[in-house]
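First up is the structure itself, then whatever we jot down about it.
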Amino acid sequence: MVMDDIKELLTGLGLTPKLLTALVQGIPAERLDLRRGEGSWTIAEHVSHLAEVQPMLLGRLHRLATEDHPVFVPFLPTDEPSTPFRQDMTVALEQFATYRTRQLELLEQLDQAVFAKAGSHPEYDSYTLYILTRHILMHDHWHMYRIEELWLTKDQYLTALS
């Protein structure tokens, strides 16, 4: 696996808290809790989810960096609610930024051999520290795209998620 973009991934992870904060602060408060379809999350729920998953992701990063082939379970077992707990936006954004800093403190001290370390996850064919690092960045940006879509897109053009 080619891993010559680790520096760029870490840079992207470092920029995400500022991007997310600027995005959320630009959205009118009355739009944060607007549900744009049955089963759809609100903007505030997307932000809350991003904050909520960061401790779990830090734990996974740490396990992949320090354990020999850790085994993971999916984050959302069937007994979880279909929407995340709605946090205060300031608290959620601060939690996101705090945990991202901790994640980067861990990742920035690792060499390429550690990024190649693998674990097992039932959802994925391959699960390495490198893949998880990239996955975190893409997960952040997917939710930020969805936040912007829920804020700005007219109903007839809104992506319906099933």
_Trace of the side chain to side chain contact (heavy atoms under 4.5 Å, CB included) decision for Thr101 with Thr98_ = CA-CA 5 Å; Thr101 298; Thr98 297; 5.9 Å; no
*Would you say Ile6 and Leu110 make side-chain contact, with heavy atoms under 4.5 Å?*
no
_Leu58 CG to Arg63 CZ distance, which is reported to the nearest 0.5 Å_ = 12.5 Å
_Give me the atom names and distance for the closest heavy-atom approach of Arg36 to Arg31._
NH1-NH2, 3.7 Å
_Flag side-chain contact, heavy atom, 4.5 Å: Leu150 against His46_ = yes
*How are the rings of His139 and His143 set relative to one another: parallel (under 30°), tilted (30 to 60°) or perpendicular (over 60°)?*
perpendicular
*Rounded to the nearest 0.5 Å, how far does OH of Tyr130 lie from CG of Leu107?*
12.5 Å
*Side-chain contact test, heavy atoms from C-beta onward, threshold under 4.5 Å: evaluate it for Glu45 versus Arg35 and give yes or no.*
yes
_For residues Leu152 and Ile147: do they belong to one hydrophobic cluster (side chain heavy atoms under 4.5 Å, members Ile, Leu, Val, Met, Phe, Trp, Tyr)?_
yes
*Could you walk me through whether Leu61 and Leu129 pass the side chain to side chain contact (heavy atoms under 4.5 Å, CB included) test, one step at a time?*
CA-CA 6 Å; Leu61 292 168; Leu129 183 62; 3.5 Å; yes
*For Glu38, look at atom CD and say whether over 12 heavy atoms of other residues, nucleotides or ligands are found less than 6.0 Å away.*
no
*What's the shortest heavy-atom distance between Met89 and Ser48, and which atoms?*
CE-OG, 3.8 Å
*Search all heavy atoms of Val73 against all heavy atoms of Arg60 and return the closest pair with its distance.*
O-NH2, 2.7 Å
*Do the side chains of Ile136 and Leu9 get nearer than 4.5 Å, heavy atoms only?*
no
*Within a strict 4.5 Å, meaning less than it, do heavy atoms of the Leu64 and Lys117 side chains meet?*
no
_I need the Gln103 CD to Leu132 CG distance, nearest 0.5 Å._
8.5 Å
_With a 4.5 Å cut-off on side-chain heavy-atom distances among I, L, V, M, F, W and Y, is there a chain of contacts connecting Ile27 to Phe96?_
yes
*At what distance, to the nearest 0.5 angstrom, does CG of Asp33 lie from CZ of Arg86?*
4.0 Å
_Any side-chain heavy-atom pair of Leu19 and Leu23 under 4.5 Å_ = no
_Exceeds 12 heavy-atom contacts within 6.0 angstrom, atom CG of Asp68_ = no
*Could you state the interatomic distance from OH (Tyr127) to NE2 (His69), rounded to the nearest 0.5 Å?*
12.0 Å
*Transitively linked via ILVMFWY side-chain contacts under 4.5 Å: Val91 with Leu32?*
no
*Do any N or O atoms from the side chain of Thr128 and from the backbone of Ala116 form a donor-acceptor pair under 3.5 angstrom?*
no
_Taking the side chain as everything from C-beta on, heavy atoms only, tell me whether Arg146 gets closer than 4.5 Å to Thr159._
yes
*In the single-linkage hydrophobic clustering (I, L, V, M, F, W, Y; side-chain heavy atoms under 4.5 Å), do Phe115 and Leu137 co-cluster?*
yes
*Would you mind reporting whether His62 and Arg102 have side-chain heavy atoms less than 4.5 Å apart?*
no
*Locate the shortest heavy-atom distance separating Pro17 from Gly14; write the atom from each residue and the value.*
CD-O, 3.5 Å
_Testing the basics here: between Ala118 and Pro70, what is the closest heavy-atom pair and its distance to 0.1 Å?_
O-CD, 3.8 Å
*Donor-acceptor under 3.5 Å (Asp111 side chain, Val114 main chain)*: yes
*same_hphob_cluster(Val53, Ile131) at 4.5 Å side-chain heavy-atom cutoff*: yes
_Parallel, tilted or perpendicular: ring planes of Phe72 versus His121, cut at 30 and 60 degrees_ = parallel
*More than 12 heavy atoms of other groups within 6.0 Å of Tyr124 OH*: yes
*Which heavy-atom pair separates Leu158 from Thr153 by the least distance, and what is that distance?*
N-CG2, 3.5 Å
*asked:* With side-chain hydrogen bond (donor to acceptor under 3.5 Å, both in side chains) as the criterion, how do Gln54 and Gln95 come out once you've worked through the C-alpha distance, each side chain's angles and the decisive distance to 0.1 Å?
replied: CA-CA 8 Å; Gln54 297 314 304; Gln95 178 178 333; over 6 Å; no
_Nearest 0.5 angstrom please: Leu34 CG to Trp151 CH2, how far?_
13.5 Å
